[in-house]
Amino acid sequence: MLDDEYSLDYFKENGFVRKTCPKCKTNFWTRDADTEFCGDPPCVSYSFIGAPVFKKEYDISSMREAYLSFFEKHGHTRVDRYPVIARWRDDIYLTIASIADFQPFVTSGLVPPPANPLTISQPCIRLDDLDAVGRSGRHLTTFEMMAHHCFNSRGNEIYWKDRTVELCDTLLADLGCDLNAVTYKENPWAGGGNAGPSVEVMVGGLELATLVFMDLKQVKGGSIEIKGETYEKMDNYIVDTGYGLERFVWASKGSPTIYDAVFPKIVNELMDLAGIEHSIDNPEYARMFSQNARFAGVMDISGQANLLQLRKKVADTIGTTVEKLQKLMVPVETVYAITDHSRCLAFMLGDGIIPSNVKAGYLARLVLRRTLRLMKELDIREPLIEIIEMQIKNFPEYPEFRERLDTIREIVALEEEKYADTIERGTKLVKKTALHFKDKKEKMPLGELIQLYDTHGIPPEITKEVAKEAGVEVELPDTFYSLVAKKHSKAQDEETEGLSLDLPLTRRLYYEDSEQTEFTAKVLEVIENRIILDRTLFYPEGGGQPADHGTLSMEDYVANVADVQNMNGVIVHETDSDIGFKKGDTVKGRIDWERRLAHMRHHTATHIVNESAKSVLGKHIWQTGAQKSTDRARLDLTHYKRITDDEFKEIELLANRAVMKNQPVHIDWMDRIEAEKKYGFVLYQGGVPPGREIRILRVGSDVEACGGTHVSNTGLIGPIKLIKTERIQDGVERIEFSAGEAAVKRVQERDELLNKASDALRVSPEHLPDTVNRFFDEWKELKKENERLKAELAEVRVKAMMGDAVEINGLKVLSTKLPHADVEELIKAATEFSKNDEVVAILASESGGVKIVVAAGARAQKMGVNAGVMVRELSKLVGGGGGGKPGIAQGGGTDIAKIDKMQARGVNWLKAKYQPRDFHSQQDIIEFVRNSEDYNPSKEKFNQAEVLNIFNTSLQKTWLVSTNERMYCILDDTAEAKPQLRWSIPKRDLIDGNKVSIEIKTREYKEKTGYVDIGPKHHGWLYSKRLFDKFAIEDSIKNMITKTML
RNA sequence: GGGCCUGUAGAUCAGGGGUAGAUCGUUGCGUUCGCAACGCAAAGGCCGCGGGUUCGAAUCCCGCCGGGUCCA
């Protein structure tokens, strides 16, 4: 920034000299040529403590009045303060500076200021340095920024830098300040897309004011560079000053801390409540806090390490130890913080913020919970609301807070309760978590601490304390909260695609006559399928109201309009085709009236429902969102508890009364500032419209800035039917409703549901609740009875069936099919069976597919029966799966035809394992082949048959048998009653001429067994290697074939 | 606006694909002149709702409803 920006005539004419601070190298202006430093900590330290800089002491209200009347006297108009919740802005939640009141439209020049020049004392809230509040002696979350603003434009300058500095100088002189002690430190300012030269006004080491000369706006590739961004001069340039009210009061008193200066009464009352002796008039005691404030003024005290450094410095200067100092100071600092926070809450709640877990409401909750935590530290049992009330009563200048007191009381009580619940839940959870780590003999890891805070809201301090009690160490780093912040990835702003259009604003016919359905217009531009007209009746999407649909036509060509958007006043019609129109054409437009009318009804109804909700629920109700469509609308409202059924009905009734009154809907275009003055910020329920003129819609007592289309009289809305409420966030309730024909349809739908329900039960709708209750009760009873009966049935069945048990080596095996039983019955019966130690029950049913339950008694399990394994195997046989525990298991499948086979298999499996039958002899096998289907007695000679055993285990043998005509493969499985013929191969596939032609190969499988592939079809047959020591298996088979067939 | 956690008996919570559990509370019985305490027993569950996957879902997946919490 150019140096001459600061070379003001005022400085030159009044004997100022410009100097450079040897410490920080910044330039500053002073009347006293001997002044060495810039006057700003850390270059200098506080000198005003104990040495007030004004000629008399002021309190908050006398200081404010002195300031405002000074500027009134000097040609400024006094303007009322704005709320601390920035309702007129959508980029910030809280009012952080007086200039925020006039952003964005006044500062951009679009809207004239309420007065020019003006003066204001604007309460502001900044939560950036929460940790330092109380500790530094000077930080506050809430402060009043006294200011005078002057909005200049090229050719119309009210005043600029010289006059601004002169006013400041004069004010300080009026207050009795020694002007030689004042320095103006050069410090260019930038923020929020604007920038400009600025001076900080320093007295006694304290920054009392900042004078900003905002005359630059951020422009890509601009010619002036500040802090890495480029800027250009603006056509309108603004004097933006900020005088800290609390700091002025502090400076006038020279108290050790700002808190003692600004809220002596509340500080003292809280000290009493906390049982702290706070004799700030005692010089020694005061010295401690004075020193603390002085050191804190020149250093960064964020984080434990820095804080400890501060403590050490203070302890050294007053000759004590850090421990003793902490013991004395911490409780007092906590009281300071509570004083500040409760004031902050008074403003937040007083201005109508509803605590919540989103947006501004979250910030209110954050402060509220922090305050409760601090109170607990001091063991202050007084309800928080008492302290907040104390604050509110202390502000005679804000009567509006007292009006809201009842609501505030309720909110705070609810919040206190909620927090207590959270802490209680949290404490339990921490104990449990702590014990978990105690068992493992580990420290509780940081990740756990973060998890507890992030997902359950348990402050790490509490976690640490509770864990300590449970005997578990916890590591809590200074940087804890920033670690949490890191966990949350930042959402990227999406680039909105914008058409840059250099076209005149579209004439909005829908505002001129809301009954019209047809119009003619000239085509100004066609971009692919998007058409821009000189005028239109099509309402573009906005304010929660969807775009109109309809047609644009010319001669015999018709295009459907599918979407309509407003691009900075140019309305763009998106059609379903990109041919047909060109620049200069005259087209005829027609809107889908049914759709539009439904939107209009829902839109006007939204205003009415909002108003009704306000009168039923209270003044704190604020719309946070709304959406309309043809068949329904929804409205989101701030409210601190659930809407009850009675309230719901009452809102519906009031809304319909408003309809029946057939009130006219008034629409006026008004100057923004005038409208704000007349109606207040309640105007901005549906968001903040841009522009100097805003469209004001009045229905009954509801007044809102609204750009939507509306019916002309409430009677035209027709019925309003509230459908439901939903809590979309803590502190935000959503009401869904339908209006007009849609409402009738909704009622009809509900009637139909009711009718269907009562028809089904064959009762009239009025008996439905009783009948349903009766049915439900009966159903419960029957269910219980059913269960009891099943148990009884199981018992009976078991007694009846025990006799059928098959004895296998001491086991009693039952295999029964209960075709119609469900799984539960099977389980009950099986459980009943398995009470007998030696029983294994295999139960099956075919209701809804195959169900299998196997249970094994205690002794059976000891012998190695595993129900889970059995079920898993058996289920496969019926095309399903299953499993369970060794004692009891369930399974099932889809193949009902295989139930019997599956059950037999189960029994055989047990037999094989516990009572294996002997293998069949070689003779038996031959006999078996002879009786098989493939055997041809007329041709085959079985007395010449050869037999080869290829596989042999304790449960299974595989045989190959060869006659003069065929080779057979037989599997003898001891789990099966009989051997099985698996396949056979005729001679023609084995022999070609006088040679064995079939291919026989082996593959490796395991140590003792291998695979043999016989011919093209029979692959992967197991063979035991030990059976083929002498000759390889290939040779053995070939030999056998040769021997019998050649 | 985004993220994470969560919903099981009246309460507090375990369990986490295979017969729904504990503690407290409730009721009954025993002991007692009575209460408390103790002992024994019982009642009490659409495992939030609806889909899906599976032979089988309280359990896994998706959606909805409800509760909690952190961040912007």
Side-chain angles (χ1 to χ4, degrees), chain A residues 90-93 127 356-363 365-366 369 418-419 421-429 431-432 436 447 450-460 480-494 624-625 636 642 724-732 734 775-777 779-784 787-788 790-791 794 822-832 834-835 844-855 867-868 871-872 874-896 898-899 902:
Chain A
D90 47 20
D91 51 344
I92 50 174
Y93 299 126
L127 300 178
S356 145
N357 49 11
V358 288
K359 301 185 179 175
Y362 171 69
L363 301 175
R365 179 168 286 168
L366 180 84
R369 293 195 166 184
K418 270 190 180 171
Y419 187 55
D421 285 350
T422 297
I423 293 302
E424 199 193 312
R425 246 197 321 274
T427 310
K428 270 187 207 159
L429 193 63
K431 267 184 197 157
K432 209 165 69 186
H436 172 80
I450 292 176
Q451 166 85 1
L452 284 167
Y453 176 68
D454 202 23
T455 64
H456 303 287
I458 307 158
F480 179 82
Y481 290 98
S482 51
L483 287 173
V484 174
K486 225 180 252 174
K487 255 194 79 183
H488 299 269
S489 60
K490 275 189 182 165
Q492 293 290 320
D493 283 326
E494 272 181 46
T624 62
D636 299 340
R642 295 308 307 262
K724 63 170 181 178
T725 65
E726 216 179 322
R727 206 195 70 154
I728 55 165
Q729 289 288 0
D730 196 10
V732 183
R734 172 169 294 172
F775 269 62
F776 188 64
D777 288 344
W779 171 79
K780 274 207 271 194
E781 242 163 75
L782 287 172
K783 201 177 72 157
K784 256 176 266 168
E787 205 157 308
R788 212 189 62 239
K790 275 179 189 170
D822 59 24
V823 182
E824 211 186 329
E825 277 175 80
L826 294 182
I827 286 171
K828 287 222 152 76
T831 312
E832 197 61 37
S834 65
K835 281 179 185 160
S845 123
E846 56 185 49
S847 78
V850 186
K851 311 282 182 224
I852 309 165
V853 172
V854 174
V871 165
R872 202 158 41 241
L874 294 178
S875 305
K876 283 180 195 163
L877 298 176
V878 290
K885 292 176 284 193
I888 185 154
Q890 300 82 6
T894 46
D895 196 347
I896 292 174
K898 287 187 178 148
I899 293 181
M902 176 274 294

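So that the names make sense, note that chain A is the first sequence line, chain B the second, and so on, each numbered from 1. Predicted model, so just to flag it, every value in this text is computed and none were measured.
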Close N/O contacts between protein and nucleotides 56-66 of chain B (under 3.5 Å):
from: B:C65; atom 1: OP1; to: A:E726; atom 2: OE2; distance (Å): 2.8

When the C1' atoms of B:C46 and B:A20 are compared, how many Å lie between them, rounded to an integer? 14 Å

What is the nucleic acid contact for A:V853, judged by heavy atoms within less than 4.0 Å: base, sugar-phosphate only, or nothing? nothing

So for A:N357 and B:U69, does any side-chain atom that can act as donor or acceptor lie under 3.5 Å from a complementary atom in the base? yes

Of the nucleotides B:A72, B:C5, B:G3, which one has an atom closest to the side chain of A:D454? B:G3

Non-neighbouring partners of A:D895 that pass salt bridge (charged side-chain N to carboxylate O under 4.0 Å, His left out), sequence neighbours left out: A:K898

Tell me: NE2 of A:H456 to P of B:U69, nearest whole Å? 11 Å

Salt bridge (charged side-chain N to carboxylate O under 4.0 Å, His left out) partners for A:R369, two or more places apart: none

Measuring only the C1' atom in each nucleotide, how far is B:G30 from B:C35? A whole number of Å is fine. 16 Å

Euclidean distance for P, B:G7 against B:U54 (whole angstrom): 26 Å

Give the rounded distance in Å between these two atoms: CG of A:D730 and P of B:G68. 5 Å

Starting from C1' on B:G1, measure out to CZ on A:R734 and report it in whole angstrom. 13 Å

Between A:R872 and B:C55, is there a contact of a side-chain N or O with OP1 or OP2 at under 4.0 Å? no

Residues two or more places apart in sequence or in another chain: which of them pass side-chain contact (heavy atoms from CB on, under 4.5 Å) with A:E787? A:E824, A:K828

Using atom P in both nucleotides, what's the gap between B:G44 and B:A22 to the nearest angstrom? 15 Å

Determine yes or no for a side-chain-to-main-chain donor-acceptor pair under 3.5 angstrom, with A:S834 supplying the side chain and A:T831 the backbone. yes

Categorize A:K359 for me: base, sugar-phosphate, or nothing, with a 4.0 angstrom heavy-atom threshold over every strand shown. base

Please list, chain by chain and in numerical order, all residues satisfying salt bridge (charged side-chain N to carboxylate O under 4.0 Å, His left out) with A:K431, sequence neighbours excluded. none

With sequence neighbours excluded, residues passing side-chain contact (heavy atoms from CB on, under 4.5 Å) with A:E832: A:E795, A:V798, A:K835

A:K418 atom NZ is separated from B:G67 atom C1', nearest whole Å, by 10 Å

Nearest to the A:Y93 side chain among B:U19, B:C4, B:A72, which nucleotide is it? B:A72

With a 4.5 Å cut-off on side-chain heavy atoms, are A:D822 and A:K851 touching? no

Run the salt bridge (charged side-chain N to carboxylate O under 4.0 Å, His left out) test against A:R727 and tell me which residues pass, sequence neighbours left out. A:D730

Could you pull out all residues at least two apart from A:K724 that satisfy side-chain contact (heavy atoms from CB on, under 4.5 Å)? A:E726, A:E736

Can you tell me how far apart CG (A:L429) and NE2 (A:H456) are? Round to the nearest 0.5 Å. 5.0 Å

Determine the contact category for A:Y419: base if any of its heavy atoms lies under 4.0 Å from a base atom, sugar-phosphate if only primed atoms, P, OP1 or OP2 are that close, otherwise nothing. nothing

For B:G50 versus B:G10, give the span between their C1' atoms, rounded off to a whole number of Å. 27 Å

Atom-to-atom span, CE of A:M902 to P of B:C55 - whole angstrom: 15 Å

What is the nucleic acid contact for A:G457, judged by heavy atoms within less than 4.0 Å: base, sugar-phosphate only, or nothing? sugar-phosphate

What integer number of Å spans the C1' atoms of B:U6 and B:U19? 28 Å

What residues, two or more places apart in sequence or in another chain, satisfy side-chain hydrogen bond (donor to acceptor under 3.5 Å, both in side chains) together with A:Q890? none

Picking from B:U19, B:U69, B:G1, which would you name as closest to the side chain of A:R365? B:U69

Closest non-hydrogen contact found for A:P459 with A:Y419 is CG-OH, 3.9 Å

Find every protein N or O atom lying less than 3.5 Å from an N or O atom of nucleotides 42-50 of chain B, and list the pairs.
from: B:G44; atom 1: OP1; to: A:K784; atom 2: NZ; distance (Å): 2.4
from: B:G45; atom 1: OP1; to: A:K780; atom 2: NZ; distance (Å): 3.4

Dot-bracket encoding of pairs in RNA chain B, which uses [ ] for pseudoknotted crossings and | for another strand, Watson-Crick or G-U under 3.5 angstrom: (((((((..((((....[..)))).(((((.......))))).....(((((..]....)))))))))))).

Please report the distance, rounded to the nearest Å, between CD1 in A:I458 and P in B:C5. 15 Å

Using a 4.0 Å heavy-atom cut-off across all strands, classify A:T831 as base, sugar-phosphate, or nothing. base

Using the test side-chain contact (heavy atoms from CB on, under 4.5 Å), find all partners of A:P886 that sit at least two apart in sequence or belong to another chain. A:Q861, A:N866

For B:U69, take OP1 and OP2 only and decide whether either is under 4.0 Å from a side-chain N or O of A:T422. yes

Please give, in whole Å, the distance from B:U54 P to A:K876 NZ? 18 Å

CG of A:D421 versus P of B:U12: gap in Å, rounded? 10 Å

